[in-house]
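Quick notes on the structure that follows.
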Amino acid sequence: MWIETLKNFIFIALELTVLFIVISFLISLLQGYIPYEKIEKKLAGKNKVLAAFVAIVFAFITPFCSCSTIPVVVNMLKKKMPFGIVMIFLFASPVLDTTIITIMGVVLGWKVTIVYTVVTSIFSIVIGFVLEALGFEKYVKNVVMSGYEEGNKKFNMKLAFEETIALMKSVYPYLIIGAAIGAIIHGLVPTEWISTAFGDDHWWLIPIAAIVGIPLYIRLSSMIPISQILIMKGMALGPVMAMMISSAGASLPEVILLKSIFKRELVFTFVLSVVTMSTLSGFIFYLI
């Protein structure tokens with residue numbers, strides 16, 4: 001049994017490694033052609049619909065984890081960008097990443113990935129604008145940012161390779177951890193037990209999974225291989241996706257960082273919004 005588990009781990013790890021390296025390298029190579037200055041102008045523009053769409057696109061091309069999103073958010077606030085647009089980016093950036101989304105498409109299927117992308121994008125936009133309409137901007141602290149560098153890098157082959165290595169150092173370990181957990185679940189946890197305990201009939205698991213996902217801090221890169229195995233074993237798609245979105249969207253480290261730039265009321269509302277987005281998204285996956 002352990003030999004089979006080890007074989008599964010090696011297979012999953014190799015598959016994810018190849019995907020990660022190839023996709024990361026290609027995206028890093030293309031980053032030099034992204035017009036960041038034009039994007040910032042669109043984000044600060046008067047056309048709110050266009051700015052919201054640009055915020056989602058910007059979320060795709062910015063850092064992997066929720067914690068690395070915070071410096072970008074602070075910079076956007078410093079530049080007096082519309083509060084709603086900043087919130088859209090804050091909610092979307094951790095859950096929408098080009099590399100991870102592409103790997104998700106290969107591993108979980110493109111139907112699931114497209115629905116995931118559309119649903120998280122729509123909820124991010126709605127929540128961002130609702131918070132702006134309710135006047136939550138008053139709960140933003142005056143933050144002086146330091147240590148954040150801007151600028152366009154013209155990526156060549158060497159820089160793209162260096163960027164890929166840097167991403168592997170920060171993200172790849174979580175991918176391997178996810179592969180290991182997935183292999184253990186595949187080899188040691190009975191399929192019948194998962195399908196019986198966490199199958200389609202247990203809709204109430206969705207809000208529980210959304211709440212549990214936040215303190216777990218299972219990064220999106222780790223959740224993909226784990227989700228693949230859980231779904232193969234018979235776990236319903238709804239709770240799996242709810243946990244994936246909540247764990248990526250509002251990790252405990254991110255919440256702690258947010259306390260330095262947001263007042264308590266906005267931090268609480270942020271966490272509640274992520275749980276709501278995760279739960280509603282889970283029910284959408286439950287129905288498809």
Grouping I, L, V, M, F, W and Y whenever their side-chain heavy atoms are under 4.5 Å apart, do F129 and L50 come out in a common cluster? yes
Kindly say whether the aromatic ring centers of F58 and F89 come within a distance under 6.0 Å. yes
Tell me whether the count of non-hydrogen atoms from other residues, nucleotides or ligands lying under 6.0 Å of CZ in F60 goes above 12. yes
Using modelled atom types only, decide if a donor and an acceptor are shared between the side chain of T113 and the backbone of G105 within a distance under 3.5 Å. yes
Is there a path from V118 to L96 through hydrophobic residues (I, L, V, M, F, W, Y) whose side chains come within less than 4.5 Å of each other? yes
Donor-acceptor contact present, side-chain Y116 to main-chain M241, <3.5 Å: no
Counting only heavy atoms not in E132, do more than 12 fall under 6.0 Å of its CD? yes
Rounded distance (nearest 0.5 Å) linking atom CE of M87 with atom CZ of F136: 11.0 Å
Identified side-chain contact (heavy atoms from CB on, under 4.5 Å) counterpart of V86 within the set K80, M81, K79: M81
Please answer whether the main-chain N or O of K259 pairs with a side-chain N or O of K141 as donor and acceptor at a distance below 3.5 Å. yes
Indicate, with yes or no, if V49 and F53 share a hydrophobic cluster defined by side-chain heavy-atom contacts under 4.5 Å among Ile, Leu, Val, Met, Phe, Trp and Tyr. no
Between the CE atom in M235 and the OG atom in S227, the distance rounded to the nearest 0.5 Å is 8.5 Å
Ring geometry between Y286 and F283 (parallel below 30°, tilted from 30 to 60°, perpendicular above 60°): perpendicular
Nearest-0.5 Å distance, CZ of residue F83 to CG of residue L90: 9.0 Å
